[in-house]
Amino acid sequence: MKLAARLGAIAPSATVAMTARAKAMAAAGVDVVSLSAGEPDFAPPDLVQEATIAALRAGHVGYTSVGGLPALRDAAARWFSRLYGVPFEAAQVAVTVGGKEALALLFAALLDPGDEVIVPAPYWVSYPAQIRLAGGAPVTVPTRADRGFALDVEAIARACTERTRGVVINSPNNPSGAVYDRETLAELAEVVRAKDLWVITDDIYSALTYDGRPFASLLHVAPDLRDRCFIVHGVAKNWGMTGYRVGFLGAPAALVRACVTLAGQSTTHTATFSQYGALAAVEAGEGVVADWLVAFDARRRRLTAGLDALDGVSCALPGGAFYVFADVRGLLGRRLGADLVADDVQLAELLLEEAHVAIVPGSAFGMPGFLRFSYAASMEALETAIARVGAFVGRLAP
Ligand code: GLU
């Protein structure tokens, strides 16, 4: 069968693929520890579950508006107004099929062939693929592990050409866990003004910061940019509702209308009863999952310390989200029997096959030489993973 040429530039999502492999191994009876998925291991709050069941029983199973349940758009607008400190109306918000569709709609609505979008690396796997699918060209700008993966605003400015349309930022960051500070965002705002760009800001982990670090948004430091600042959010990470597939986009009303037009010709909308569950979550606020933060914090410390103690592995304590992005360049070039550990992709493969630990190679996030470990898993699973990775590293010969 001849597939469209656009597929040539698109690989399967590495996060989705690795999680599927780990699930298949577990189903086949292998005792695999999966730290590959970015998915809270906690059930959604009771009030969310009850609202979802009540919606099903009340027969809320038909179509709703393409832009989302009106009550959910209202609730999300109130939440955004609080979170970003600038007023949002329902017309400036749309409900999407997870944050992933919000991103895809924005790229489809904003990009013409050849338009460039700056993507700081490491980045979430789907940004470059979605930009390419929309006809655009991702331009990656690396950050540095020894600077805590902070945005390199000077490098972003240098990467701008006359084709650059925008920048995608994500803080707390998947996969690095970096949390951008206000000073850096203010510097980015200067570049955005000077080069006349837009910014897509993926804030899906906004409630997941540690050590009292505040979540900071471009809108906090540059409310004048609100017509060029497009927000992507959702209930997946903050409320543990990944499979509900409810995301939000926040943007000027005209752009929201354009995205809703696109959705109306593709997905229509996410499940109506999911939207009722999301309404309960957003109305209750992020505070209902405060206990999770305590658990995530302890796991973050344990996983970082456990990995950093291994010879050839180094990682610093991440400030947010639920990932440790470990530098494993010290392991590359070593051997496991006849196998040369040439790169992070092969290392991830060997860890899965030999140690039965599923993680995602840094190459998938635009940063070879690193591995992403999710700590949205029980402490017991993390202890097992640390012990297995440690034993595996011990088997490597120089
Ligand atoms: N965002 C999550 C991750 O990075 C979910 C999987 C995906 O859609 O990529 O693991």
Side-chain angles (χ1 to χ4, degrees), residues 10-24 26 32-42 44 96-107 119-133 138 149 168-179 200-208 231-249 267 270 274 292 296 299-300 303 318 320-326 344-345 348 351-352 357-367 370-377 381-382 385:
I10 307 296
S13 159
T15 47
V16 173
M18 192 52 114
T19 305
R21 274 184 75 187
K23 279 192 175 145
V32 59
V33 181
S34 183
L35 306 184
S36 53
E39 171 163 68
D41 56 319
F42 301 110
T96 56
V97 187
K100 209 176 224 174
E101 193 200 21
L103 287 157
L105 293 174
L106 284 168
F107 292 130
V119 184
Y123 47 71
W124 180 50
V125 285
S126 295
Y127 302 147
Q130 291 191 344
I131 291 166
R132 286 193 193 99
L133 277 172
F149 302 102
V168 183
I169 57 171
N170 169 222
S171 169
N173 185 269
N174 173 8
S176 74
V179 180
I200 291 178
T201 167
D202 177 353
D203 299 340
I204 194 113
Y205 297 94
S206 66
L208 303 177
I231 288 158
V232 172
H233 220 306
V235 295
K237 316 294 181 179
N238 287 357
W239 288 277
M241 297 168 64
T242 49
Y244 274 69
R245 309 309 301 136
V246 177
F248 302 107
L249 68 84
T267 54
T270 196
S274 282
W292 298 5
F296 281 144
R299 297 164 179 189
R300 169 183 77 121
L303 183 62
F322 39 57
Y323 307 105
V324 171
F325 200 52
D344 57 297
V345 175
L351 277 169
L352 182 63
V357 176
I359 39 80
V360 186
S363 295
F365 307 98
M367 192 158 275
F370 288 73
L371 298 177
R372 186 191 81 170
F373 293 75
S374 164
Y375 52 87
L382 297 180

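Nothing here was measured: the structure is a model prediction, and the numbers come from that model. Residues take their numbers from the sequence shown, with the count starting at 1. Counting starts at 1 for both ligands and their atoms, in listed order.
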Report task. Kindly determine whether Leu35 and Leu382 satisfy side-chain contact (heavy atoms from CB on, under 4.5 Å), including the steps that lead there. Result -> CA-CA 8 Å; Leu35 306 184; Leu382 297 180; 3.9 Å; yes
Report task. Look at the rings of Phe322 and Phe296 and say which category their plane angle falls in: under 30° parallel, 30 to 60° tilted, over 60° perpendicular. Result -> tilted
Requested in this report: Return yes if some donor-acceptor pair links the side-chain N/O of Arg299 with the main-chain N/O of Ala377 below 3.5 Å, else return no.
Outcome: yes
Hey, what polar pairs (N/O, under 3.5 Å) does ligand 1 make with protein?
unit_1: ligand 1; atom_1: 1 (N); unit_2: Trp124; atom_2: NE1; d: 3.4
unit_1: ligand 1; atom_1: 1 (N); unit_2: Lys237; atom_2: NZ; d: 3.1
unit_1: ligand 1; atom_1: 4 (O); unit_2: Trp124; atom_2: NE1; d: 3.1
unit_1: ligand 1; atom_1: 4 (O); unit_2: Asn174; atom_2: ND2; d: 2.9
unit_1: ligand 1; atom_1: 4 (O); unit_2: Arg372; atom_2: NH1; d: 2.9
unit_1: ligand 1; atom_1: 8 (O); unit_2: Lys100; atom_2: NZ; d: 2.9
unit_1: ligand 1; atom_1: 9 (O); unit_2: Thr15; atom_2: OG1; d: 2.5
unit_1: ligand 1; atom_1: 9 (O); unit_2: Trp124; atom_2: NE1; d: 3.1
unit_1: ligand 1; atom_1: 10 (O); unit_2: Gly38; atom_2: N; d: 2.9
unit_1: ligand 1; atom_1: 10 (O); unit_2: Arg372; atom_2: NH2; d: 2.9

Report task. Measure up the Tyr323 and Tyr205 rings against each other and bin them: parallel (under 30°), tilted (30 to 60°), perpendicular (over 60°). Result -> perpendicular
Query raised in the report: Can you check whether Ala37's main-chain N or O pairs, donor with acceptor, with Ser374's side chain at less than 3.5 Å?
Result: yes
Query raised in the report: Under the 3.5 angstrom rule, does the side chain of Gln130 hit a backbone N or O of Lys100 as a donor-acceptor pair?
Result: yes
